[in-house]
Amino acid sequence: MRMVWRNLTSMGTALVLLFLLAVAAIPGALLPQRSLNTQRVNEYIAEQPTIGPILDRFGFFDVFSSFWFTAIYALLFISLIGCIVPRAVDHWHALRAPVVRVPRNLARLPKHRVGTLEGTPDDVAATAQQMLRRWRVSVRKNGSDVEISAERGHSRELGNLVFHVALVFVLAAVAIGRVLGYEGSVIVVANGGPGICTGSPAVYDSFRAGQGVDGTELTPFCVRVNDFTADYLPTGQAEMFTSNIEYQAGDDLATNTWRPYRLRVNEPLRVEGDRLYLIGHGYAPTFTVTFPNGESRTETLQFAPEDATSFLSSGAMRFDPPGGLYGTSDERRQNQIAIEGLFAPTAFFHEENLLTSVFPAMTDPAVAIDIYRGDIGLDTGRAQNIFTLDQSLIEQERLVRQARVNLYPGEVEVLDDGTEVRFDGADEWVSLQVSHDPMQGLVLVSAIAMTLGLVGSLLITRRRVWLRISPEGGDTHSDSRRTVVDIGGLARTDQAGWGPEFDKLCDRLGVREATHRDGA
(Lines give C-alpha, C1' and ligand atoms only; values in the text may rest on other atoms or scores of the structure.)
Protein backbone atom coordinates (compact mmCIF):
# COMPACT_ATOMS: atom_id res chain seq x y z
CA MET A 1 0.00 0.00 0.00
CA ARG A 2 2.89 2.33 0.71
CA MET A 3 4.29 1.71 -2.76
CA VAL A 4 0.88 2.24 -4.37
CA TRP A 5 0.45 5.52 -2.49
CA ARG A 6 3.98 6.64 -3.41
CA ASN A 7 3.35 5.93 -7.10
CA LEU A 8 -0.09 7.54 -7.06
CA THR A 9 1.20 10.74 -5.46
CA SER A 10 4.22 11.13 -7.71
CA MET A 11 4.33 14.07 -10.09
CA GLY A 12 4.72 11.71 -13.05
CA THR A 13 1.44 10.00 -12.18
CA ALA A 14 -0.30 13.35 -11.83
CA LEU A 15 0.89 14.38 -15.29
CA VAL A 16 -0.31 11.07 -16.77
CA LEU A 17 -3.71 11.48 -15.12
CA LEU A 18 -3.96 15.07 -16.35
CA PHE A 19 -3.22 13.84 -19.89
CA LEU A 20 -5.81 11.05 -19.52
CA LEU A 21 -8.38 13.59 -18.33
CA ALA A 22 -7.78 15.67 -21.45
CA VAL A 23 -8.07 12.59 -23.68
CA ALA A 24 -11.21 11.42 -21.87
CA ALA A 25 -12.86 14.80 -22.53
CA ILE A 26 -12.45 14.44 -26.31
CA PRO A 27 -15.56 12.24 -26.79
CA GLY A 28 -17.56 14.89 -24.94
CA ALA A 29 -16.64 17.36 -27.68
CA LEU A 30 -17.06 15.00 -30.65
CA LEU A 31 -20.21 13.10 -29.66
CA PRO A 32 -23.62 14.59 -28.78
CA GLN A 33 -24.28 14.73 -25.05
CA ARG A 34 -27.60 14.07 -23.36
CA SER A 35 -27.15 17.03 -21.03
CA LEU A 36 -27.14 19.34 -24.08
CA ASN A 37 -29.25 17.65 -26.76
CA THR A 38 -31.13 14.43 -25.97
CA GLN A 39 -32.78 14.40 -29.39
CA ARG A 40 -29.43 14.46 -31.19
CA VAL A 41 -28.22 11.54 -29.05
CA ASN A 42 -31.28 9.49 -29.98
CA GLU A 43 -30.78 10.34 -33.66
CA TYR A 44 -27.12 9.30 -33.47
CA ILE A 45 -27.99 5.94 -31.88
CA ALA A 46 -30.66 5.37 -34.53
CA GLU A 47 -28.22 6.20 -37.33
CA GLN A 48 -25.47 4.01 -35.83
CA PRO A 49 -27.36 0.89 -34.66
CA THR A 50 -24.16 -1.12 -34.14
CA ILE A 51 -21.76 1.18 -32.34
CA GLY A 52 -24.36 3.58 -30.91
CA PRO A 53 -25.71 1.27 -28.16
CA ILE A 54 -22.15 0.24 -27.24
CA LEU A 55 -21.08 3.86 -26.81
CA ASP A 56 -24.23 4.51 -24.81
CA ARG A 57 -23.54 1.56 -22.51
CA PHE A 58 -20.10 2.92 -21.61
CA GLY A 59 -21.33 6.47 -21.04
CA PHE A 60 -19.91 8.19 -24.12
CA PHE A 61 -23.10 10.28 -24.42
CA ASP A 62 -22.76 11.37 -20.78
CA VAL A 63 -18.98 11.71 -20.71
CA PHE A 64 -18.65 14.15 -17.84
CA SER A 65 -20.98 12.08 -15.65
CA SER A 66 -19.57 8.67 -16.59
CA PHE A 67 -17.91 6.40 -14.06
CA TRP A 68 -14.59 6.30 -15.92
CA PHE A 69 -14.32 10.10 -16.27
CA THR A 70 -15.23 10.49 -12.59
CA ALA A 71 -12.59 7.91 -11.63
CA ILE A 72 -9.85 9.76 -13.53
CA TYR A 73 -11.03 13.04 -12.04
CA ALA A 74 -10.95 11.68 -8.47
CA LEU A 75 -7.54 10.00 -8.90
CA LEU A 76 -6.08 13.21 -10.31
CA PHE A 77 -7.49 15.14 -7.36
CA ILE A 78 -5.94 12.69 -4.86
CA SER A 79 -2.64 12.56 -6.74
CA LEU A 80 -2.28 16.34 -6.79
CA ILE A 81 -3.00 16.66 -3.08
CA GLY A 82 -0.52 13.86 -2.35
CA CYS A 83 2.10 15.72 -4.41
CA ILE A 84 1.45 19.16 -2.99
CA VAL A 85 1.49 18.43 0.75
CA PRO A 86 5.03 16.96 1.02
CA ARG A 87 6.40 19.52 -1.44
CA ALA A 88 4.89 22.34 0.59
CA VAL A 89 6.49 20.94 3.75
CA ASP A 90 9.87 20.61 2.01
CA HIS A 91 9.61 24.16 0.69
CA TRP A 92 8.84 25.46 4.18
CA HIS A 93 11.90 23.71 5.58
CA ALA A 94 14.03 25.00 2.70
CA LEU A 95 12.98 28.58 3.44
CA ARG A 96 13.94 28.19 7.09
CA ALA A 97 17.18 26.32 6.46
CA PRO A 98 20.46 28.31 6.50
CA VAL A 99 22.15 29.13 3.21
CA VAL A 100 24.66 26.50 2.08
CA ARG A 101 28.19 27.20 3.32
CA VAL A 102 30.91 28.30 0.94
CA PRO A 103 32.51 25.29 -0.84
CA ARG A 104 36.18 24.62 -0.25
CA ASN A 105 37.20 24.95 -3.91
CA LEU A 106 35.20 27.64 -5.70
CA ALA A 107 37.26 27.20 -8.85
CA ARG A 108 35.38 23.99 -9.63
CA LEU A 109 32.06 25.80 -9.98
CA PRO A 110 30.65 26.57 -13.46
CA LYS A 111 31.10 30.32 -12.88
CA HIS A 112 34.24 31.62 -11.15
CA ARG A 113 36.28 34.79 -10.80
CA VAL A 114 39.16 35.83 -8.61
CA GLY A 115 40.21 39.46 -8.15
CA THR A 116 42.02 41.86 -5.84
CA LEU A 117 40.25 44.93 -4.48
CA GLU A 118 41.26 47.91 -2.42
CA GLY A 119 40.06 47.86 1.20
CA THR A 120 39.91 45.55 4.15
CA PRO A 121 37.95 42.26 4.09
CA ASP A 122 35.29 43.83 6.31
CA ASP A 123 34.87 46.79 3.91
CA VAL A 124 34.60 44.50 0.89
CA ALA A 125 32.17 42.20 2.77
CA ALA A 126 29.95 45.20 3.62
CA THR A 127 29.92 46.26 -0.05
CA ALA A 128 29.06 42.71 -1.14
CA GLN A 129 26.19 42.48 1.36
CA GLN A 130 24.79 45.77 0.08
CA MET A 131 25.00 44.45 -3.47
CA LEU A 132 23.21 41.22 -2.46
CA ARG A 133 20.53 42.87 -0.33
CA ARG A 134 17.71 41.17 -2.31
CA TRP A 135 19.25 37.74 -1.82
CA ARG A 136 19.12 35.42 1.16
CA VAL A 137 22.57 36.07 2.66
CA SER A 138 24.59 34.34 5.33
CA VAL A 139 27.94 35.78 6.55
CA ARG A 140 30.52 33.71 8.47
CA LYS A 141 34.00 34.42 9.81
CA ASN A 142 36.56 31.73 9.11
CA GLY A 143 39.79 32.92 10.69
CA SER A 144 40.98 35.90 8.71
CA ASP A 145 38.53 35.17 5.92
CA VAL A 146 34.98 36.43 5.54
CA GLU A 147 32.68 33.96 3.77
CA ILE A 148 29.38 35.07 2.24
CA SER A 149 26.73 32.66 0.96
CA ALA A 150 23.78 34.03 -1.02
CA GLU A 151 20.89 32.46 -2.88
CA ARG A 152 17.69 33.56 -4.57
CA GLY A 153 14.86 32.02 -6.58
CA HIS A 154 12.87 30.21 -3.88
CA SER A 155 9.80 31.88 -5.37
CA ARG A 156 10.15 29.47 -8.30
CA GLU A 157 9.04 26.57 -6.13
CA LEU A 158 6.39 28.81 -4.56
CA GLY A 159 4.99 29.57 -8.02
CA ASN A 160 4.98 25.85 -8.78
CA LEU A 161 3.04 25.17 -5.59
CA VAL A 162 0.60 28.00 -6.32
CA PHE A 163 -0.03 26.50 -9.76
CA HIS A 164 -0.79 23.04 -8.39
CA VAL A 165 -2.90 24.33 -5.48
CA ALA A 166 -4.90 26.47 -7.89
CA LEU A 167 -5.34 23.45 -10.17
CA VAL A 168 -6.78 21.51 -7.22
CA PHE A 169 -9.17 24.40 -6.54
CA VAL A 170 -10.22 24.42 -10.21
CA LEU A 171 -10.96 20.69 -10.12
CA ALA A 172 -12.84 21.03 -6.84
CA ALA A 173 -14.80 24.08 -8.01
CA VAL A 174 -15.81 22.40 -11.27
CA ALA A 175 -16.94 19.28 -9.41
CA ILE A 176 -18.92 21.27 -6.83
CA GLY A 177 -20.38 23.42 -9.60
CA ARG A 178 -21.63 20.27 -11.33
CA VAL A 179 -23.35 19.20 -8.13
CA LEU A 180 -24.89 22.57 -7.23
CA GLY A 181 -25.45 23.94 -10.75
CA TYR A 182 -27.94 23.38 -13.52
CA GLU A 183 -28.39 24.04 -17.24
CA GLY A 184 -31.56 24.32 -19.26
CA SER A 185 -32.19 25.07 -22.92
CA VAL A 186 -35.41 26.21 -24.54
CA ILE A 187 -36.54 27.38 -27.98
CA VAL A 188 -38.36 30.71 -28.05
CA VAL A 189 -40.08 32.19 -31.11
CA ALA A 190 -39.02 35.76 -31.84
CA ASN A 191 -41.12 38.70 -33.08
CA GLY A 192 -43.88 38.61 -30.51
CA GLY A 193 -43.53 35.02 -29.33
CA PRO A 194 -44.75 34.05 -25.87
CA GLY A 195 -41.31 34.14 -24.22
CA ILE A 196 -40.44 32.15 -21.09
CA CYS A 197 -40.46 32.55 -17.33
CA THR A 198 -37.94 30.32 -15.60
CA GLY A 199 -38.41 28.88 -12.14
CA SER A 200 -39.40 25.32 -12.99
CA PRO A 201 -37.64 22.56 -14.98
CA ALA A 202 -40.89 22.08 -16.94
CA VAL A 203 -40.23 25.35 -18.78
CA TYR A 204 -37.17 23.96 -20.55
CA ASP A 205 -36.99 21.68 -23.57
CA SER A 206 -34.00 19.98 -21.98
CA PHE A 207 -32.76 20.35 -18.42
CA ARG A 208 -29.71 19.05 -16.55
CA ALA A 209 -29.57 19.46 -12.80
CA GLY A 210 -26.77 18.65 -10.39
CA GLN A 211 -27.30 16.15 -7.61
CA GLY A 212 -27.73 19.01 -5.14
CA VAL A 213 -30.53 20.65 -7.17
CA ASP A 214 -34.10 19.42 -6.73
CA GLY A 215 -35.67 21.89 -9.18
CA THR A 216 -37.61 23.87 -6.58
CA GLU A 217 -35.09 26.68 -6.05
CA LEU A 218 -34.34 27.80 -9.60
CA THR A 219 -33.72 31.50 -10.15
CA PRO A 220 -36.96 33.11 -11.37
CA PHE A 221 -36.79 35.57 -14.25
CA CYS A 222 -38.72 36.16 -17.48
CA VAL A 223 -37.47 36.72 -21.02
CA ARG A 224 -39.21 37.63 -24.24
CA VAL A 225 -37.50 37.85 -27.62
CA ASN A 226 -38.35 40.94 -29.64
CA ASP A 227 -36.32 40.10 -32.73
CA PHE A 228 -33.40 38.13 -34.10
CA THR A 229 -30.85 39.16 -36.70
CA ALA A 230 -28.26 36.97 -38.38
CA ASP A 231 -25.42 38.55 -40.35
CA TYR A 232 -24.14 36.43 -43.22
CA LEU A 233 -21.24 36.73 -45.62
CA PRO A 234 -22.02 36.46 -49.36
CA THR A 235 -20.91 32.82 -49.15
CA GLY A 236 -23.64 32.09 -46.59
CA GLN A 237 -21.24 31.78 -43.67
CA ALA A 238 -22.67 33.22 -40.46
CA GLU A 239 -20.82 36.25 -39.13
CA MET A 240 -22.82 37.23 -36.02
CA PHE A 241 -26.14 36.46 -34.35
CA THR A 242 -27.92 39.22 -32.43
CA SER A 243 -31.21 39.17 -30.55
CA ASN A 244 -32.90 42.10 -28.83
CA ILE A 245 -34.63 40.79 -25.75
CA GLU A 246 -36.42 42.12 -22.70
CA TYR A 247 -36.16 40.57 -19.27
CA GLN A 248 -37.37 41.03 -15.72
CA ALA A 249 -35.91 39.62 -12.51
CA GLY A 250 -35.96 40.30 -8.79
CA ASP A 251 -38.16 43.28 -7.88
CA ASP A 252 -39.01 43.79 -11.57
CA LEU A 253 -41.21 40.70 -11.42
CA ALA A 254 -43.45 42.36 -8.84
CA THR A 255 -43.60 45.70 -10.68
CA ASN A 256 -43.82 44.12 -14.16
CA THR A 257 -40.82 46.18 -15.32
CA TRP A 258 -39.10 44.98 -18.48
CA ARG A 259 -35.46 45.84 -19.16
CA PRO A 260 -33.91 45.73 -22.66
CA TYR A 261 -30.74 43.80 -23.46
CA ARG A 262 -28.86 43.01 -26.66
CA LEU A 263 -28.01 39.32 -26.57
CA ARG A 264 -25.18 38.12 -28.80
CA VAL A 265 -23.07 35.02 -29.20
CA ASN A 266 -20.55 34.77 -26.33
CA GLU A 267 -22.10 37.86 -24.71
CA PRO A 268 -24.53 36.34 -22.19
CA LEU A 269 -27.03 38.15 -20.03
CA ARG A 270 -26.00 37.81 -16.37
CA VAL A 271 -28.91 38.10 -14.00
CA GLU A 272 -29.50 36.90 -10.44
CA GLY A 273 -26.48 34.60 -10.56
CA ASP A 274 -27.58 32.94 -13.82
CA ARG A 275 -26.26 33.36 -17.35
CA LEU A 276 -28.49 33.43 -20.42
CA TYR A 277 -26.73 32.41 -23.66
CA LEU A 278 -27.80 32.62 -27.29
CA ILE A 279 -26.72 29.24 -28.66
CA GLY A 280 -28.70 28.71 -31.87
CA HIS A 281 -31.50 29.80 -34.17
CA GLY A 282 -33.82 28.57 -36.89
CA TYR A 283 -37.19 29.17 -38.51
CA ALA A 284 -40.75 28.62 -37.34
CA PRO A 285 -43.29 28.44 -40.21
CA THR A 286 -46.87 29.59 -39.64
CA PHE A 287 -49.83 27.66 -41.05
CA THR A 288 -53.54 28.40 -40.84
CA VAL A 289 -56.06 25.58 -41.23
CA THR A 290 -59.64 26.61 -42.00
CA PHE A 291 -62.13 23.83 -41.41
CA PRO A 292 -65.34 23.31 -43.45
CA ASN A 293 -67.47 25.28 -40.96
CA GLY A 294 -65.27 28.38 -41.43
CA GLU A 295 -63.43 28.16 -38.11
CA SER A 296 -59.66 28.31 -38.33
CA ARG A 297 -56.61 27.33 -36.30
CA THR A 298 -53.25 29.14 -36.69
CA GLU A 299 -50.02 27.71 -35.37
CA THR A 300 -46.38 28.77 -35.45
CA LEU A 301 -43.94 26.01 -34.61
CA GLN A 302 -40.19 25.63 -34.91
CA PHE A 303 -38.69 23.41 -37.60
CA ALA A 304 -35.34 21.68 -37.06
CA PRO A 305 -32.48 22.76 -39.38
CA GLU A 306 -31.35 19.86 -41.56
CA ASP A 307 -28.49 21.76 -43.18
CA ALA A 308 -26.42 24.18 -41.08
CA THR A 309 -25.23 26.10 -44.17
CA SER A 310 -28.52 26.66 -46.02
CA PHE A 311 -30.95 26.15 -43.08
CA LEU A 312 -33.20 23.81 -45.01
CA SER A 313 -35.44 22.71 -42.13
CA SER A 314 -37.94 19.95 -41.44
CA GLY A 315 -40.84 19.72 -39.05
CA ALA A 316 -44.44 18.78 -38.43
CA MET A 317 -47.65 20.38 -37.15
CA ARG A 318 -50.88 18.98 -35.76
CA PHE A 319 -54.33 20.63 -35.80
CA ASP A 320 -57.36 19.46 -33.84
CA PRO A 321 -60.82 20.40 -35.28
CA PRO A 322 -62.90 22.92 -33.32
CA GLY A 323 -65.38 21.57 -30.83
CA GLY A 324 -68.88 20.85 -32.14
CA LEU A 325 -67.82 20.50 -35.77
CA TYR A 326 -68.15 16.73 -35.64
CA GLY A 327 -70.76 14.78 -33.71
CA THR A 328 -68.64 12.11 -32.01
CA SER A 329 -65.10 11.94 -30.70
CA ASP A 330 -64.30 9.13 -33.16
CA GLU A 331 -65.44 11.29 -36.05
CA ARG A 332 -63.39 14.21 -34.73
CA ARG A 333 -60.25 12.03 -34.48
CA GLN A 334 -60.73 10.86 -38.06
CA ASN A 335 -60.66 14.47 -39.29
CA GLN A 336 -57.60 15.84 -37.50
CA ILE A 337 -55.08 17.58 -39.77
CA ALA A 338 -51.31 17.04 -39.79
CA ILE A 339 -48.61 18.75 -41.84
CA GLU A 340 -45.10 17.41 -42.35
CA GLY A 341 -42.40 18.66 -44.68
CA LEU A 342 -39.53 21.03 -45.44
CA PHE A 343 -39.05 24.77 -45.11
CA ALA A 344 -36.49 26.70 -47.18
CA PRO A 345 -35.62 30.31 -46.24
CA THR A 346 -34.34 30.96 -49.78
CA ALA A 347 -36.17 28.45 -51.93
CA PHE A 348 -34.95 26.76 -55.09
CA PHE A 349 -36.93 24.04 -56.87
CA HIS A 350 -35.23 21.40 -58.99
CA GLU A 351 -36.75 20.13 -62.20
CA GLU A 352 -38.80 17.56 -60.29
CA ASN A 353 -40.11 20.22 -57.90
CA LEU A 354 -37.72 19.08 -55.18
CA LEU A 355 -37.25 21.87 -52.67
CA THR A 356 -33.87 23.00 -51.40
CA SER A 357 -32.42 26.18 -49.92
CA VAL A 358 -29.55 28.14 -51.44
CA PHE A 359 -28.98 30.72 -48.69
CA PRO A 360 -29.56 30.72 -44.91
CA ALA A 361 -31.26 34.14 -44.75
CA MET A 362 -35.03 34.32 -45.29
CA THR A 363 -35.24 36.10 -48.66
CA ASP A 364 -37.65 33.85 -50.60
CA PRO A 365 -39.30 31.35 -48.22
CA ALA A 366 -41.29 28.33 -49.35
CA VAL A 367 -42.42 24.96 -48.04
CA ALA A 368 -42.77 21.48 -49.49
CA ILE A 369 -45.32 19.63 -47.35
CA ASP A 370 -47.46 16.54 -47.08
CA ILE A 371 -50.95 17.16 -45.68
CA TYR A 372 -52.56 14.31 -43.74
CA ARG A 373 -56.03 13.76 -42.35
CA GLY A 374 -56.97 11.24 -39.68
CA ASP A 375 -55.94 10.29 -36.16
CA ILE A 376 -52.78 12.25 -35.26
CA GLY A 377 -52.46 10.54 -31.87
CA LEU A 378 -53.28 13.50 -29.63
CA ASP A 379 -55.67 11.37 -27.54
CA THR A 380 -53.28 8.45 -26.95
CA GLY A 381 -51.39 10.13 -24.10
CA ARG A 382 -48.08 9.10 -25.63
CA ALA A 383 -45.26 11.61 -26.07
CA GLN A 384 -44.55 12.52 -29.70
CA ASN A 385 -41.63 14.11 -31.49
CA ILE A 386 -42.61 17.67 -32.39
CA PHE A 387 -40.48 17.53 -35.56
CA THR A 388 -41.93 14.33 -37.09
CA LEU A 389 -45.24 12.53 -37.26
CA ASP A 390 -45.75 9.08 -35.78
CA GLN A 391 -44.94 6.81 -38.73
CA SER A 392 -46.85 3.91 -37.21
CA LEU A 393 -50.09 5.88 -37.60
CA ILE A 394 -49.31 6.37 -41.29
CA GLU A 395 -48.41 2.70 -41.76
CA GLN A 396 -51.69 1.66 -40.09
CA GLU A 397 -53.54 4.09 -42.40
CA ARG A 398 -55.02 5.86 -39.41
CA LEU A 399 -53.37 8.95 -40.88
CA VAL A 400 -53.83 9.27 -44.64
CA ARG A 401 -52.03 11.68 -46.93
CA GLN A 402 -54.39 14.04 -48.74
CA ALA A 403 -51.96 16.21 -50.73
CA ARG A 404 -48.32 16.89 -51.47
CA VAL A 405 -47.74 20.54 -52.40
CA ASN A 406 -45.20 23.33 -52.61
CA LEU A 407 -46.39 26.63 -51.18
CA TYR A 408 -45.13 30.20 -51.05
CA PRO A 409 -46.41 32.62 -48.36
CA GLY A 410 -50.11 33.32 -48.83
CA GLU A 411 -50.79 30.28 -51.05
CA VAL A 412 -53.60 27.87 -50.08
CA GLU A 413 -54.25 24.18 -50.65
CA VAL A 414 -57.91 23.07 -50.53
CA LEU A 415 -58.71 19.47 -49.56
CA ASP A 416 -61.59 17.42 -50.92
CA ASP A 417 -63.84 18.22 -47.92
CA GLY A 418 -63.28 21.97 -48.24
CA THR A 419 -60.58 22.26 -45.54
CA GLU A 420 -58.05 24.95 -46.47
CA VAL A 421 -54.37 24.88 -45.50
CA ARG A 422 -52.57 28.21 -45.93
CA PHE A 423 -48.85 28.91 -45.54
CA ASP A 424 -48.61 32.34 -43.88
CA GLY A 425 -44.82 32.74 -43.74
CA ALA A 426 -42.26 32.17 -41.01
CA ASP A 427 -40.69 33.76 -37.97
CA GLU A 428 -37.25 33.28 -36.46
CA TRP A 429 -36.73 31.21 -33.35
CA VAL A 430 -33.77 31.33 -30.99
CA SER A 431 -32.36 28.67 -28.73
CA LEU A 432 -31.56 30.02 -25.27
CA GLN A 433 -29.53 28.32 -22.57
CA VAL A 434 -29.77 29.21 -18.90
CA SER A 435 -26.70 28.21 -16.90
CA HIS A 436 -26.26 28.42 -13.14
CA ASP A 437 -22.86 27.72 -11.58
CA PRO A 438 -22.27 29.06 -8.05
CA MET A 439 -18.56 28.20 -8.29
CA GLN A 440 -17.82 30.22 -11.41
CA GLY A 441 -16.07 33.00 -9.46
CA LEU A 442 -13.79 30.52 -7.71
CA VAL A 443 -12.92 28.89 -11.04
CA LEU A 444 -11.95 32.30 -12.46
CA VAL A 445 -9.80 33.24 -9.45
CA SER A 446 -8.14 29.81 -9.46
CA ALA A 447 -7.44 30.03 -13.20
CA ILE A 448 -5.78 33.43 -12.74
CA ALA A 449 -3.71 32.03 -9.84
CA MET A 450 -2.72 29.06 -12.02
CA THR A 451 -1.50 31.39 -14.74
CA LEU A 452 0.48 33.58 -12.35
CA GLY A 453 2.00 30.54 -10.63
CA LEU A 454 2.97 28.98 -13.95
CA VAL A 455 4.56 32.20 -15.21
CA GLY A 456 6.49 32.56 -11.96
CA SER A 457 7.73 28.97 -12.04
CA LEU A 458 8.93 29.44 -15.64
CA LEU A 459 10.54 32.87 -15.31
CA ILE A 460 12.11 32.68 -11.84
CA THR A 461 15.38 30.74 -11.63
CA ARG A 462 17.37 29.41 -8.68
CA ARG A 463 20.83 31.04 -8.25
CA ARG A 464 23.60 30.66 -5.67
CA VAL A 465 26.67 32.84 -5.19
CA TRP A 466 29.57 32.32 -2.76
CA LEU A 467 32.34 34.78 -1.87
CA ARG A 468 35.51 34.09 0.07
CA ILE A 469 37.11 37.41 1.04
CA SER A 470 40.69 37.19 2.31
CA PRO A 471 43.43 39.75 3.11
CA GLU A 472 46.14 39.86 0.47
CA GLY A 473 48.92 37.48 1.52
CA GLY A 474 46.68 35.91 4.14
CA ASP A 475 48.13 38.06 6.98
CA THR A 476 45.61 40.06 8.97
CA HIS A 477 48.38 42.02 10.65
CA SER A 478 49.87 43.20 7.35
CA ASP A 479 49.74 46.90 6.52
CA SER A 480 48.33 46.05 3.08
CA ARG A 481 44.87 47.45 2.43
CA ARG A 482 44.21 45.07 -0.44
CA THR A 483 41.80 42.14 -0.35
CA VAL A 484 41.50 39.01 -2.51
CA VAL A 485 37.93 38.12 -3.53
CA ASP A 486 37.16 34.60 -4.73
CA ILE A 487 33.66 34.40 -6.30
CA GLY A 488 31.82 31.31 -7.48
CA GLY A 489 28.28 30.93 -8.89
CA LEU A 490 25.89 28.09 -9.60
CA ALA A 491 22.49 27.98 -11.32
CA ARG A 492 20.24 25.42 -9.61
CA THR A 493 17.77 25.16 -12.50
CA ASP A 494 18.20 26.93 -15.81
CA GLN A 495 21.61 28.11 -17.01
CA ALA A 496 20.06 30.53 -19.52
CA GLY A 497 20.97 34.11 -18.64
CA TRP A 498 23.11 33.11 -15.67
CA GLY A 499 26.41 33.99 -17.33
CA PRO A 500 25.60 37.68 -17.94
CA GLU A 501 24.00 37.95 -14.51
CA PHE A 502 27.07 36.50 -12.79
CA ASP A 503 29.35 38.81 -14.77
CA LYS A 504 27.21 41.78 -13.80
CA LEU A 505 27.51 40.90 -10.11
CA CYS A 506 31.27 40.64 -10.40
CA ASP A 507 31.52 43.93 -12.28
CA ARG A 508 29.43 45.73 -9.66
CA LEU A 509 31.71 44.42 -6.95
CA GLY A 510 34.75 45.54 -8.94
CA VAL A 511 36.25 42.16 -9.94
CA ARG A 512 36.79 42.99 -13.62
CA GLU A 513 40.35 42.31 -14.68
CA ALA A 514 40.90 39.09 -12.78
CA THR A 515 41.08 35.56 -14.11
CA HIS A 516 37.73 34.36 -15.45
CA ARG A 517 36.86 30.70 -15.78
CA ASP A 518 33.67 29.08 -17.10
CA GLY A 519 33.08 25.34 -16.82
CA ALA A 520 33.96 22.72 -14.24
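Below, all heavy atoms of this structure are taken into account, side chains as well, without hydrogens, waters or symmetry copies.
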Within the supplied structure, the quantity of interest is the number of heavy atoms (other residues, nucleotides, ligands) at a distance under 6.0 Å from [X] [atom1]; does it exceed 12?
| X | atom1 | value |
| --- | --- | --- |
| Phe169 | CZ | no |
| Asn266 | CG | no |
| Ile51 | CD1 | no |
| Glu47 | CD | yes |

- Below 4.5 Å, heavy atoms only, C-beta onward: do Trp429 and Val225 meet side chain to side chain? no
Between [X] and [Y], does any side-chain N to carboxylate O distance fall below 4.0 Å?
| X | Y | value |
| --- | --- | --- |
| Arg87 | Glu157 | yes |
| Arg140 | Glu147 | no |
| Arg113 | Asp507 | yes |
| Glu118 | Arg482 | yes |

[X] and [Y]: side-chain donor and acceptor closer than 3.5 Å?
| X | Y | value |
| --- | --- | --- |
| Ser185 | Ser206 | yes |
| Thr363 | Thr346 | yes |
| Asp307 | Ser310 | yes |
| Arg468 | Ser470 | no |

- Check against side-chain contact (heavy atoms from CB on, under 4.5 Å), Val146 and Lys141: CA-CA 5 Å; Val146 179; Lys141 293 286 289 186; 3.6 Å; yes
- Message: Apply side-chain contact (heavy atoms from CB on, under 4.5 Å) to residues Arg152 and Thr461 and explain how you reach the verdict.
- Response: CA-CA 8 Å; Arg152 69 185 308 179; Thr461 53; over 6 Å; no
- Message: To check you understand the geometry: which heavy-atom pair defines the closest contact between Phe311 and Pro360, and what is its length?
- Response: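 Distance-wise, the nearest heavy atoms are CD1-CB, 3.8 Å.
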- Query: What is the minimum heavy-atom distance between Leu132 and Val137, and which atoms define it?
  - Reply: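 Here Leu132 and Val137 meet closest at O-CG2, 3.3 Å.
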Without swapping roles, check the side chain of [X] against the backbone of [Y] for a donor-acceptor pair under 3.5 Å.
| X | Y | result |
| --- | --- | --- |
| Ser446 | Val443 | no |
| Trp68 | Phe58 | yes |
| Ser243 | Asp227 | yes |
| Ser79 | Leu8 | yes |
| Gln130 | Ala125 | no |
| Asp205 | Ile187 | yes |
| Thr242 | Arg264 | no |
| Tyr73 | Leu171 | yes |
| Gln33 | Val63 | yes |
| Thr13 | Asn7 | yes |

- Is the Tyr283 to Phe303 ring centre distance short of 6.0 Å? no
- Would you call the rings of Phe64 and Phe69 parallel, tilted or perpendicular, where under 30° means parallel and over 60° means perpendicular? perpendicular
- Query: Would you call the rings of His281 and Tyr232 parallel, tilted or perpendicular, where under 30° means parallel and over 60° means perpendicular?
  - Reply: tilted
- Item | Given Leu459, Ile460, Leu458, the one that forms side chain to side chain contact (heavy atoms under 4.5 Å, CB included) with Arg156 |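 Result for side chain to side chain contact (heavy atoms under 4.5 Å, CB included) with Arg156: Ile460.
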- Item | Check against side-chain contact (heavy atoms from CB on, under 4.5 Å), Tyr182 and Thr219 | CA-CA 11 Å; Tyr182 58 82; Thr219 303; 3.5 Å; yes
- Task: Apply side-chain contact (heavy atoms from CB on, under 4.5 Å) to the pair Leu432 and Leu278, showing each step before the final yes or no.
- Result: CA-CA 5 Å; Leu432 304 177; Leu278 174 63; 4.3 Å; yes
- Output, in order, the C-alpha distance, side-chain angles, deciding distance and verdict of side-chain hydrogen bond (donor to acceptor under 3.5 Å, both in side chains) for Tyr277 and Arg275. CA-CA 6 Å; Tyr277 293 93; Arg275 303 181 307 281; 2.7 Å; yes
- Item | Residues that Gln48 engages under side-chain hydrogen bond (donor to acceptor under 3.5 Å, both in side chains), provided they are two or more places apart |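 Gln48 satisfies side-chain hydrogen bond (donor to acceptor under 3.5 Å, both in side chains) with no residue once adjacent residues are dropped.
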